[in-house]
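Below you'll find the structure, written out as structure tokens, and then a few comments.
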Protein chains: 2
Amino acid sequence: MATLDDIAKLAGVSPTTVSRVINNYGSLSEKTKTKVFAAMKELNYQPNSLARSLKGKKTHLIGVILPGVSNPFFGQMVQEIEDQLFKKGFRMILCNAGSDSEKERAYLRMLMANRVDGIIAGSHNLGIEEYQKVGLPIISFDRYLSENIPIVSSDNYHGGQLAAQALLASGSEHFQIITGANRPNSPTNARLTGFKDTLAKRDRTFDLLELRFSSTPNIKGLKIKEMLLKKNVDGIFCTDDLTALLVIQQARELGIKIPENIRLIGYDGTRFIQNYHPELTTIMQPIADIVTMMIDLLLKRIDDHECQLEDNYVLPVKLITGETTI
Amino acid sequence: MATLDDIAKLAGVSPTTVSRVINNYGSLSEKTKTKVFAAMKELNYQPNSLARSLKGKKTHLIGVILPGVSNPFFGQMVQEIEDQLFKKGFRMILCNAGSDSEKERAYLRMLMANRVDGIIAGSHNLGIEEYQKVGLPIISFDRYLSENIPIVSSDNYHGGQLAAQALLASGSEHFQIITGANRPNSPTNARLTGFKDTLAKRDRTFDLLELRFSSTPNIKGLKIKEMLLKKNVDGIFCTDDLTALLVIQQARELGIKIPENIRLIGYDGTRFIQNYHPELTTIMQPIADIVTMMIDLLLKRIDDHECQLEDNYVLPVKLITGETTI
DNA sequence: ATGAAAGCGCTAACAT
DNA sequence: ATGTTAGCGCTTTCAT
């Protein structure tokens with residue numbers, strides 16, 4: 001692969017001059033420019049960004065750590081991140097941490113070794129210490145990682161309120177919420193709290209079903225079926241849309257009609273759900289805005305590592321009414 | 001951020017020795033090792049992989065170019081790629097090319113500039129020339145890119161055959177196939193050919209509806225509705241599962257019963273579909289095997305740029321029978 | 001068992 | 001307007 005020196009030789013100028021042409025910097029005569037450009041074309045030259053970055057410049061690489069990308073929510077988010085980063089001249093190293101803390105730890109080390117300019121993290125396997133030690137600009141999505149790491153999230157509390165209001169408005173009396181395992185410190189818990197508080201104001205209570213994030217859909221389906229059979233519920237709030245799909249599936253098999261017998265509301269409102277399951281009432285997270293916010297903050301921190309940022313940035317959610325609530 | 005020299009000083013040895021410890025190479029006394037390790041811990045040292053790679057070593061970076069990741073098929077594929085690459089000590093730079101050739105071209109340049117060790121490409125915006133000029137190991141998924149770039153794909157032709165057989169077996173008489181726009185040279189066309197040939201053997205014909213990849217689901221849905229109303233079909237083959245979901249949606253709205261009035265079969269069989277739409281009969285692509293194959297070939301080429309590989313690697317598909325065919 | 005020194009490809013003073 | 005040179009952090013001969 002051609003180097004800057006090769007170009008210099010071919011064009012009959014010094015390496016510096018070539019560097020100047022590449023970076024469009026200092027004063028160059030038109031002649032030299034043309035010569036150099038010609039040489040670059042001829043050898044299909046690409047400046048080695050490793051060498052460049054070694055000289056203390058930015059790598060323009062961002063590490064993105066998420067639980068996984070086969071889930072449509074994170075799929076859409078990653079797509080959005082990639083798109084926005086690209087427009088700003090950054091590339092992304094994708095890290096699917098799953099629920100494996102060892103892997104996440106290894107990735108963190110790798111990202112440091114690769115001298116990424118910053119990190120967007122939306123996973124939650126690790127303790128605080130590891131993220132503190134990284135010493136790189138980090139922005140978190142929907143998770144508390146450590147002091148001084150800003151969290152961007154949608155308004156989970158209000159989402160919970162909206163869900164409760166929608167179910168109340170549709171005349172439900174016996175409420176059920178289905179969540180993932182609730183981690184301490186996770187902003188996601190606010191969905192539950194918002195739901196609970198709103199019901200409490202009307203003196204209503206509800207049952208809670210926790211399904212571990214790591215359970216397979218089959219297992220989740222089974223637990224849902226069990227719940228559906230045992231309890232007399234008529235208003236269900238799932239804190240993610242995929243679980244809501246499982247409820248629809250199980251209800252259909254049991255001959256339970258939605259929304260006649262049960263009203264159902266999900267959470268996330270990805271483009272995927274809007275396109276392929278428009279029947280589902282859900283709370284939409286503003287993924288594009290979340291990503292814009294995260295990237296904005298991250299780039300600020302990259303420009304100035306010391307810049308002060310808020311602890312929390314909360315973006316508004318929206319109720320999308322489908323046919324699963326009346 | 002600490003450098004190798006910092007460690008050397010702190011440990012009271014030469015940089016060379018530190019390098020030896022890091023790479024576990026040459027002969028070291030236990031004492032020195034311990035000292036050096038201690039120094040590394042103390043400064044939370046991570047070797048700068050940029051500097052390492054500059055010295056001619058591999059970057060352990062792989063570029064992955066795909067149309068996008070919000071589609072569950074590519075989502076699952078990316079997840080699989082990431083997972084397998086990680087286990088072999090590689091990272092991945094994710095490039096969503098969409099249907100934007102300028103972006104794909106820019107990414108190709110970036111990947112060269114970043115000196116990735118190799119590329120996995122599954123997009124199809126670009127002409128042959130650009131991929132030829134890259135001069136990096138490349139493996140393609142399901143697309144013809146250029147001479148000497150191996151293509152890994154599932155057995156599209158056989159998939160088409162299976163689909164036809166399933167519809168025939170379920171007693172359909174009037175066939176419809178719904179595909180994306182058919183590009184020349186795309187292995188995907190074979191799905192159509194396999195379907196056609198199998199029907200032809202039984203003296204059956206079929207209608208073709210082409211939906212551009214770039215159309216929104218709403219538009220696709222509209223065209224499907226139109227088709228459903230106008231034609232008298234009772235056996236539909238969609239060359240991807242998402243389109244099949246759209247057919248289910250439209251049929252439901254029109255009061256057409258599946259499988260009573262129409263039999264339906266999709267293509268891809270992602271884990272997502274298997275979990276959330278088990279009712280859909282579909283042809284499953286062996287994503288994990290495809291990825292294993294691609295990575296295997298890519299690493300071979302990375303080890304030896306000249307190594308000879310086949311032009312095509314075709315992996316078997318499987319019929320998954322749901323309730324949309326009887 | 002350890003160290004000195006050159007060099008990977010580039011950029012940035014500092015000349016001229 | 002262009003060139004010389006040193007150095008980014010590491011690996012790798014070649015010495016000792």
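Residue-level contact check: B:T17 touches the backbone only, with heavy atoms under 4.0 Å from sugar-phosphate atoms and none from bases. Using a 4.0 Å heavy-atom distance criterion, A:T16 is classed as a base contact.
A donor-acceptor distance shorter than 3.5 angstrom exists from the side chain of A:Q79 to the backbone of B:V69, with no hydrogens or angles considered. For B:K57 (side chain) and B:S49 (main-chain N/O), no donor-acceptor pair under 3.5 Å exists by modelled atom type. Proximity of a side-chain donor or acceptor of A:D296 to a complementary backbone N or O of A:T292 within less than 3.5 Å is not detected.
Contact footprint of chain B on DNA chain C: nucleotides with an atom under 4.0 Å from a non-hydrogen protein atom, first to last in 5' to 3' order, C:dA1 to C:dG9. Using a 4.0 Å cutoff to heavy atoms of chain B, the contacted part of DNA chain D runs 5' to 3' from D:dG9 to D:dC14.
Residue order along DNA chain C, read from the 5' end via each residue's closest nucleotide, puts B:S27 first among B:R115 and B:S27.
At a threshold of 4.5 Å between non-hydrogen side-chain atoms, the residues B:V21 and B:I7 do not count as touching. Contact check for A:N96 versus A:Y107: no side-chain heavy atoms found under the 4.5 Å cut-off.
We find that B:D304 and B:K300 are not joined by a salt bridge, their nearest charged nitrogen and carboxylate oxygen being 4.0 Å or further apart.
Taking CE of B:M112 as the reference point, atom CD of A:Q46 lies at 5.0 Å (rounded to 0.5 Å).
The local environment of CZ in A:F213 is sparse, with at most 12 non-hydrogen atoms from other residues, nucleotides or ligands closer than 6.0 Å.
There is a side-chain donor-acceptor pair under 3.5 Å between A:Q84 and A:E80. In the model, B:T17 has a side-chain atom that pairs as donor or acceptor with a side-chain atom of B:S14 under 3.5 Å.
DNA chain D is contacted by A:L54, A:K55 of residues 41-56 of chain A, taking any non-hydrogen atom closer than 4.0 Å.
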